[in-house]
Amino acid sequence: MEGDLRNSQGLYLLLLFSVSRVMCVSIHYSVPEEKKSGSLVANVLEDLKLGIGELSARRAQLVSKSSKQYFHFDARSGNLLISDKIDREAVCGQTEPCLLFSQIVLEDPLEFYSIDIRIEDVNDNAPIFSKREYELEIPESVPRNTKFPLESAQDEDLGENSIQNYTLSANEHFKLGVESNKDGSKYVDLIVEKPLDRERDPFFGLTLMAVDGGVPQRTGTVRINIRVLDINDNLPQFTQSEYRVRLKENSPRDTLVSKVEARDLDFGSNAQITYSFHRVPRKILDLFHLNEMTGEITVWGEIDYEKESSYDMSIKATDGGGLSGQCKVLVEVEDMNDSIPEVSVISLKNIIREDSPLETVVALFSVTDEDSGDNGKTACSVEMKLPFVLKATKNDFYQLVIQSALDREKIGEYNVTITATDRGSPRLTSTRLIHVQISDVNDNTPVFEKSLFELTLQENNIPGLLIGLVHAVDLDMEQNGKVTYSLLPGEPGGSPTASYISINSETGNMYALRSLDYEHIKDFKVTVRATDGGIPPLSSDVVVQILVTDENDNAPFFLYPLQNSTSPCNELLPKMAEAGYLVTKVVAVDRDSGQNSWLSYELLKATDPGLFSIGTQNGEVKTRRPLTERDSSKQRLIIAVRDNGVPPQTSTATLNVLLVEGFSDPYLKVVDVHPQEHEDEGTLTMYLVICLVSVSSVFLLCIISFVVIKSCKKDPGGTFIAAPPHFPPSRPDIPENCTDSQSGSLSRNYQYDVCLTGGSLSSEFRFLRPLIPVFSVVDSNIPVNHMISSSTQESSEQIVNKEAKKELHRFEVQIDDVNDNTPTFSENEFILEIPEQTPINTHFPLETAQDSDRAADGEIPKRTGTAEIIIEVLDTNDNVPQFVQSVYRVKLMENSPLDTLVTKVEASDRDIGSNAHITYSFNQVQENVLKSFMLNKNTGELSLGGTTDYEEVGIYEMNIRATDRGGLSDYCKVIVEVEDENDNAPEVTITSINGPLPEDSPVHTVVALFSVIDRDSEDNGRSSCTTEMNLPFQLKATENNYYQLVTQQPLDRECVSEYNITITATDRGSPKLTSRAFITIQISDINDNPPAFERSFYDMHVQENNIPGFIIGSVQAVDLDTEQNAQVTYSLLPGKVRDGPASSYISINSETGNLYVIRSLDFEEIKVFSVTIQAVDNGSPSLSTKNSTSPSNDLVPRGADAGYLVTKVVAVDRDSGQNSWLSYHLLKATEPGLFMVEDQNGEVKTLRPVNKRDAMMQNLIVVVRDNGHLPLSASTSLRILLVDALSDPYINIRDTSKEEMVQEEDHNLTKYLIICLAAISSVFLLSLLVFITIKIQKQRKLIRSCNSTPSFPVRPNS
């Protein structure tokens, strides 16, 4: 409804503003708020000085500037009525006066009457507080007349209706202080009138009442809950000044010893007591733990009665304000059997000789127990079945003595466990382990493993060969058990034993010093002695029998025939000898024995191998067959003899056998055998040469290879080593004896290079160097003091013997105290902290001095000790914080960024420490302050925490409270004035829009009415408006920032049917701000265009004898108007066809324009006829166009130039004056650029030369329009024919019919089709030729590639 009302108001205003004269008058009224709807404000007739009917006649209208219509104007009676209930506080807030602006607009002439209606305040609002209850905290030590600001009540009423006074409920401690601001508002403070005591009155509940001055009087109340804050004005007090407790020693950790308790009458942190040790020794802190919150003393360390039997400690209770009280705790420790007996060895012989006599003292020790009473009484014992026994002496001393003989070889050491047990409950036992070693004496001789050793040695042995070893064991140890071996003198085989055998003195290894010959000596015996290293040394002997075994080292020797004889041995054999004839017997011997001396014979070679044989065992040479004449007269036999040794030895002998007729042949000569011998030797020589060459070649090759190999190697050392060789020891604990190597004994079985002494036939040899690396003689594992062990042992035995003669005597020495110590304090200075408000006679315990002397320090000279006591007076919170300023005034630019520093408030406190630590906070401020500002509680910096908008709030007032740690507070006020910034763009408010706007509206017609409002102030709120250029509208400014949008040119809907207008409002601020509003103006249509037929002449055909009602065609007219104005109806104008009316032949559909034949026509009666069709629109007034069936044709030669006069259109208007002024326009043409129509005289001319491309028939539609207020128009059609010459005899109007146009169009289509066909054919042919050409080129390349010789790249011979 409100929108419809605004539109109707705008319509009236637009009509009123359309006149050129405006009058403005101001009228003032007042009305109380909260009046009912329909209440009369005033009658404006008297003030407007108008009659009753004049308001209605002049169409009076009330226009309000606010969005809500609070008033209603009755134009008939002139009464201004209230349309809706008005709440002044909602409309104007605290603005005074509260005015509502309206205007009464009158027409004919246009007059403005400004009406200012003042809304008067009534007391309809009671004072209210922002909260129902307020919590206030006031320290009990606050001085009298201290003010505490209270939040003021809010009353939306003004003047006398606002708050006039405050009252406080009755009490004896507080009163109110009410003061007024410059603007008349009141603020209230709560003033302390009487000192407070929290311990007596911790809480006050007061009621604050705000009273306004209206009638009836209204009040508002708020509950003020005052909590009295405690200050530290009471000392902590212990329930006992001294606590005595008993504690068992060895109590586990966290055992509760005692619990001290102190009380403080204060409250909160001031009553929060913490407990601590007060100047106690370090040992107390290590043994006990004090819970600082509960006061529980627990065991922290090990409580030992033996160390300390009682503990005295001071406990301090301190409250949160620093005040403290002390008490003493005395802890008495009860003894427990927790100390085990301690065995302390005074003297110990851990090494004793095995031949020590009985009752020899081994150890002397004492037993002590730190416990008292039976817990400290002890008894000792040792294990049974030991050669030792305990003997108790005086004063808990014990001796460990020998009670039976010792034998180290049976038991070499004893671990004696001494057990000490006390008599406590439970009994505690401790043990002490004493390790006693039995030292060795040389009481055992070396014992050989066997009584007789048999060693085997093969003859021809290498000198220095290990034969075997002998081993003797000595049960003694170390030097007494160290066995050395030696050979006793003897002469086996007539030579000294040392020439045959040597023995390693440490290992017992026996070596052959010479190469032995079984044939010379088959066995011999030597005596080996084993001697220990004791003093005196003990020894034993053993016989070692050495058996020499035979080796096949002798080749058989021929006795017959003599092997080394220079003359050959010849045997005679009668030629008549038969098979088996004994020719001779070969005899050989072998010096070896046993199997090595077993001999066998064989015939190695013979002149005639089949003639002789030899016995394998006996060496008999016999014939194997009878002799024949073909046998050679001299037979040469080579006989070999072989022993049975490994490897076998072989010897050969040559035997010549002469075949004779009889043994008496005197001509027997040895020389006769020479020719045959030389012949046999020639063959052998050839073989020997071959063998020799082969062997020499092989040998030479070996020599060369050997020389080459040797030349590649370097000799690591010289020929001989003159120094004695060094060998690694056989055992880690036995050092190498260097002198033994010089005597020919080898320590271990190693490989050696051996060189016999040149020119000596004896078996003496020298070891040159070992074939392994030389090791150091000294063993790193042997301790350095090994050489002096025997002397040390001897001295220790002497000491033991001396101590065995000592006696024990107990004596006591009493030490008398002298005054040699001065009293000392634990520290040179003590710092004592005392609160400044400590009551008189308050005690503060001081640490006592310590004096190591026994009696009181009254000896002469007297000694003194001093300590400096520094007393620091602790601050109490007895000073209220004071602000530097009571009121802070600052200016702040609106829209300042967040965290912008607004101001900094600062308060100071004369107290120190935490009491002087001030925190800042807001005190009872409005919600908008909390949203817009932040206060740093530590620095007092007031910064921007939200957005500030000058247009919403121009001034902020806030109370800030400064509070110290003790709860004392002070207050200040901060007034922030917000400075305006150009941050609001002008707001365009459209009051009314006249739309749609008729296109025939006169110039200066009001289209829209709007106002521009800028919320900024001064130049930032002043604005101006503009619209776009080239529009048929302009802006006109009126009073009170109102603007009119009026027309400045005629409108034509057919040209532009809608306008989107942008209104730009710009203020004068810096930077300038701009806003835009968009108005859409619809142009409404009027009937200013008649219907126009598409053609000026329609040619239709109908076949004779047609069916009545047959449709022969249709006509169509177009109207440029819209809606009802463009709705066309068709009608047939009266006329005659032959003798009858046209309506008897033709009928037309009024909506579609379809033409129907009413009757059946006969071509012989009528061949052609014409009718006139009229098209009429539905506008008001309606416009029409007639279409004649007799067309007008004009001829134009094709050679006509531009400006050629084609024809002249002539029209008349029956009106007169301006209404009969006519103008002509070309509405439509076949080719719009070819023709033109003069707008004044109607001449149709060519615009350019006519060419052959122009269509032969041109249709033109010409419109003629008058110049009346509502212009009327009519249209007509022209048909122009383009001909080659005006004298063409064949020009026929009928030829320009529709068929010619169709034929021309068909001709053009055919031409285009031919062009397209030719183009497509050409493209196809070209594509075919390209394809064939490509194929031919490929074939040619293929043929050339086949005919050409292939060539391949040749890689260079690199």
message: Do I163 and V211 have side chains that approach each other closer than 4.5 Å (heavy atoms only, starting at C-beta)?
response: no

- request: Run the salt-bridge test on K85 and E34 with the 4.0 Å N-O cut-off and return the result as yes or no.
  value: yes

- prompt: Going by distance alone, is a donor N or O of one side chain under 3.5 Å from an acceptor N or O of the other, for T318 and S324?
  reply: no

- prompt: What pairs meet the salt bridge (charged side-chain N to carboxylate O under 4.0 Å, His left out) rule with one or both residues in residues 141-156, with sequence neighbours excluded?
  reply: K147-E179

query: Just wondering, do I960 and L935 contact through their side chains at under 4.5 Å, heavy atoms?
result: yes

query: Does the side chain of I119 come within less than 4.5 Å of V91's, by heavy atoms?
result: no

- request: Specify the closest pair of heavy atoms between L930 and V925, including all atoms of both residues, with the distance to one decimal.
  value: CD2-CG2, 3.5 Å

message: Pairing donors with acceptors under 3.5 angstrom, does anything connect the side chains of N225 and E133?
response: yes

statement: Correct closest heavy-atom pair for T948 and S932 would be CG2-CB, 4.4 Å

- prompt: Should we say atom CZ of F883 is surrounded by more than 12 heavy atoms from elsewhere, each under 6.0 Å from it?
  reply: yes

Side chain S37, main chain S83, donor-acceptor under 3.5 Å: yes

message: With heavy-atom distances below 4.5 Å as the criterion, would you say the side chains of E193 and E172 are in contact?
response: no

Min side-chain heavy-atom separation F933-M958 under 4.5 Å: yes

task: Kindly indicate whether the side chain of Y113, heavy atoms from C-beta on, has any atom under 4.5 Å from the side chain of V44.
output: no

query: What's the spacing between L80 CG and L62 CG if we round to 0.5 Å?
result: 6.0 Å

- prompt: With a 4.5 Å heavy-atom cut-off, do D230 and D233 have their side chains touching?
  reply: yes

task: Over 60° means perpendicular and under 30° means parallel, so classify the ring planes of F204 and H173, tilted if in between.
output: tilted

- prompt: Would you say the side-chain atoms of D1067 pair up with the backbone N or O of G1021, donor to acceptor, closer than 3.5 Å?
  reply: no

task: Go through the steps to decide whether L190 and L168 satisfy the test side chain to side chain contact (heavy atoms under 4.5 Å, CB included), and finish with yes or no.
output: CA-CA 9 Å; L190 184 67; L168 185 66; 3.7 Å; yes

query: Looking only at atom types and distance, does a side-chain atom of D189 sit under 3.5 Å from a main-chain N or O of I191, one as donor and one as acceptor?
result: no

query: Which residue, N915, N879, N877, T919, forms the side-chain hydrogen bond (donor to acceptor under 3.5 Å, both in side chains) with D964?
result: N877

- prompt: Do the side chain of E33 and the main chain of R88 share a donor and acceptor less than 3.5 angstrom apart?
  reply: yes

- prompt: Do K973 and Y187 meet the cation-pi criteria used here (NZ or CZ under 6.0 Å from the six-membered ring centre, within 45° of the axis)?
  reply: yes

- prompt: Considering only heavy atoms from C-beta outward, does the side chain of N928 approach that of V953 to under 4.5 Å?
  reply: yes

- prompt: Between N984 and E951, do the side chains contain an N or O donor and an N or O acceptor separated by less than 3.5 Å?
  reply: yes

- prompt: Side-chain donor-acceptor pair under 3.5 Å between D264 and N234, yes or no?
  reply: no

- prompt: Strictly under 6.0 Å, is that where the ring centroids of Y1042 and F1010 end up?
  reply: no

query: Taking the side chain from Y920 and the backbone from E941, do they hold a donor-acceptor pair closer than 3.5 Å?
result: no

- prompt: So, does E987 use its side chain to make a donor-acceptor pair with the main chain of I1013 at under 3.5 Å?
  reply: no

query: Distance only, no hydrogens: is a donor on one side chain within 3.5 Å (strictly under) of an acceptor on the other, for D980 and N1020?
result: yes

query: Is it true that the side chains of S180 and K186 contain a donor and an acceptor less than 3.5 Å apart?
result: yes

query: Side chains of D47 and Y29: do they bring a donor and an acceptor to under 3.5 Å?
result: yes

message: Name the residue from L898, D899, L944 that meets the side-chain contact (heavy atoms from CB on, under 4.5 Å) definition with M934.
response: D899

